[in-house]
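Counting convention: from 1, in listed order, for ligands and their atoms alike. Along the sequence shown, the residues carry numbers beginning at 1. Since the structure is predicted, the reported quantities are computational estimates derived from the model, not experimental observations.
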Amino acid sequence: SGAMALFGRRSRPKLIIFILGACTAGYLIFHKNKDKEQGSASRRGVLTGGTAEDTERLQKPVYEKPPLDINALGELGRPVKLELDGDEKKKEEESIKKHQINIYLSEKISLHRRLPVIWNPLCKELKYDYIHLPTTSVVIAFYNEAWSTLLRTVHSVLETSPDILLKEIILVDDYSEREHLKEPLERYISSLRKVRLIRAQKREGLVRARVLGASIATGDVLTFLDCHCECHEGWLEPLLHRIKEDESAVVCPVIDVIDWNTFQYLGNSGEPQIGGFDWRLVFTWHTVPEHEQKRRSSPTDVIRSPTMAGGLFAVSKKYFHYLGTYDTGMEVWGGENLEFSFRIWQCGGSLEIHPCSHVGHIFPRQAPYSRRKALANSVRAAEVWMDEYKELYYHRNPHARLEAFGDVTERRKLRGKLGCQNFKWYLENVYPDIHVPEDQPGMFGMLKNKGMVNYCFDYNPPDDNNVAGHQIILYPCHGMGQNQFFEYSSDNEIRYNTREPAGCATVQPGTEYLTIHLCRKPGLPVPEDHKFILREDSTLFHIKTQKCVQAIDKSDAGSPAPALRPCTDTNFQKWFFEERQ
Ligand SMILES: [Mn+2]
């Protein structure tokens, strides 16, 4: 091929023709297949009457793991803490600095290690019709990945995937610079069955690298994995079974954490969490809501999820092409997961997590390379899929309006061609738990004081997963939304709703200062101490204490802050919202 170098055992016969054919046929098929409610029995595994020996034979992986050495480092996902000194300690630290993963340790752990058995025992009871399950191509894109984490991913797929189901692994090199990923990698994989390598001829980014890998895949199903994963025993069958049942289901495994420093496998057999987002278009995790629990009839049933976390999912190849693969106008990574999630749901598919499929993923200490383009990617997602709700996003990220996001004409056309639902439908039917802000004119943005000019309400939550508990302060206004974004609701709440679930201003018990608590759950009445009346004269009157919010120079914590004081006629008790600087 002119655009790329291609290695591995198989060539790509008549591939382009096949893909074009699949797109056209797919369009017809999936439009007829929108009603997918099915009996619960068919959602489970199917036993076909074969003997236990038959099943064992069919389950045989591409390669068997070497015999268990229980004393080996990190075996069975145990944490490792190396006692190092001097030069060795330095090497370890350098490897962490370079990769954001403890690669020094990774190199000492077997590429074939086993993981602890953590799945729900009910999952072991499921039986699969191996002969009739679709086959899969596992697509793994990488950029400058370390040798051991990449190859542990490859071996783990080969050693946990039944030979009969795994068509191939497609490694996509997104134009890496590191030497070990060049000839040494080619040499290494040439001795492995079913592993192919394709190289981009320039830096494409995760999105286009994945589409490149998908374009040469020969399996029925595309399974995308990250390049530092370890698959749990039995991870593949539930994904393929579900897609066989419903070709428009996009199915994610449960993502278990592998610690970047100790390589401990932190699996959990309990109910996994599902994906959501907040109005900054940041991905969030949530517990399975009650309506979804009611819909399922067994703990081994799939769980519908409004969004996916990122790179790990399986999708019918035909359906992936029908849906328009990825938005290839997106750069590097970030935002593509939400875009794809919206598209799946709005265009008639479903996004699900299979509680019986577990894959470990090393979450690096921090992102190892730049995601400068993530903002443009999010804007593309908003512009194509969110209709008027994109304003809620822009209000919270005023600078996103200025971002050059390229041309989305083709993606909007795709939306029209597929007859996709609007974003209102998505919110009401797929993500009813998200709170949709009102954003009434003049009632959101920076909350500014008239006396202390150019000081704004400012709030920093304790961490990414917990919005509540800290004190609200006053800080010079920056006009960037984010931690200075507040909304005044028609229920008289001062909402900090860049996060989901949102926080609400209240009074810290025993003090005169404001703090953030979780807002009430939808449908419940607003607690009295969350109610502030924004009055005609611009004062903010706290009903419960009968006091007014005043800007003061020095709180107990030393910084300027809003505090409750008896109401008087002063500009320090007058407040107003401003959207932008
Ligand atoms: Mn990753």
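In this view, Asn397 and Arg280, Tyr393, His399, Ala400, Gln482 satisfy the side chain to side chain contact (heavy atoms under 4.5 Å, CB included) rule, not counting sequence neighbours. Under the side chain to side chain contact (heavy atoms under 4.5 Å, CB included) criterion, Arg78 pairs with Ile70, Glu75, sequence neighbours left out. In this structure, the side chain to side chain donor-acceptor pair (under 3.5 Å) partners of Glu159, at least two apart in sequence or on a different chain, are Lys65, His112.
Shown here are the protein N/O/S atoms lying under 2.8 Å from the Mn ion (ligand 1), water excluded: Asp226 OD2, His228 NE2, His361 NE2.
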Take Arg210 and Glu336, measure what salt bridge (charged side-chain N to carboxylate O under 4.0 Å, His left out) needs, and give me the verdict at the end.
CA-CA 12 Å; Arg210 286 180 159 204; Glu336 82 290 344; 5.9 Å; no
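Both tests pass for Arg203 against the ring of Tyr143: distance under 6.0 Å to the centre and angle within 45° of the axis. For Lys108 and Tyr104, the positive end sits near the middle of the six-membered ring, less than 6.0 Å away and at most 45° from its axis.
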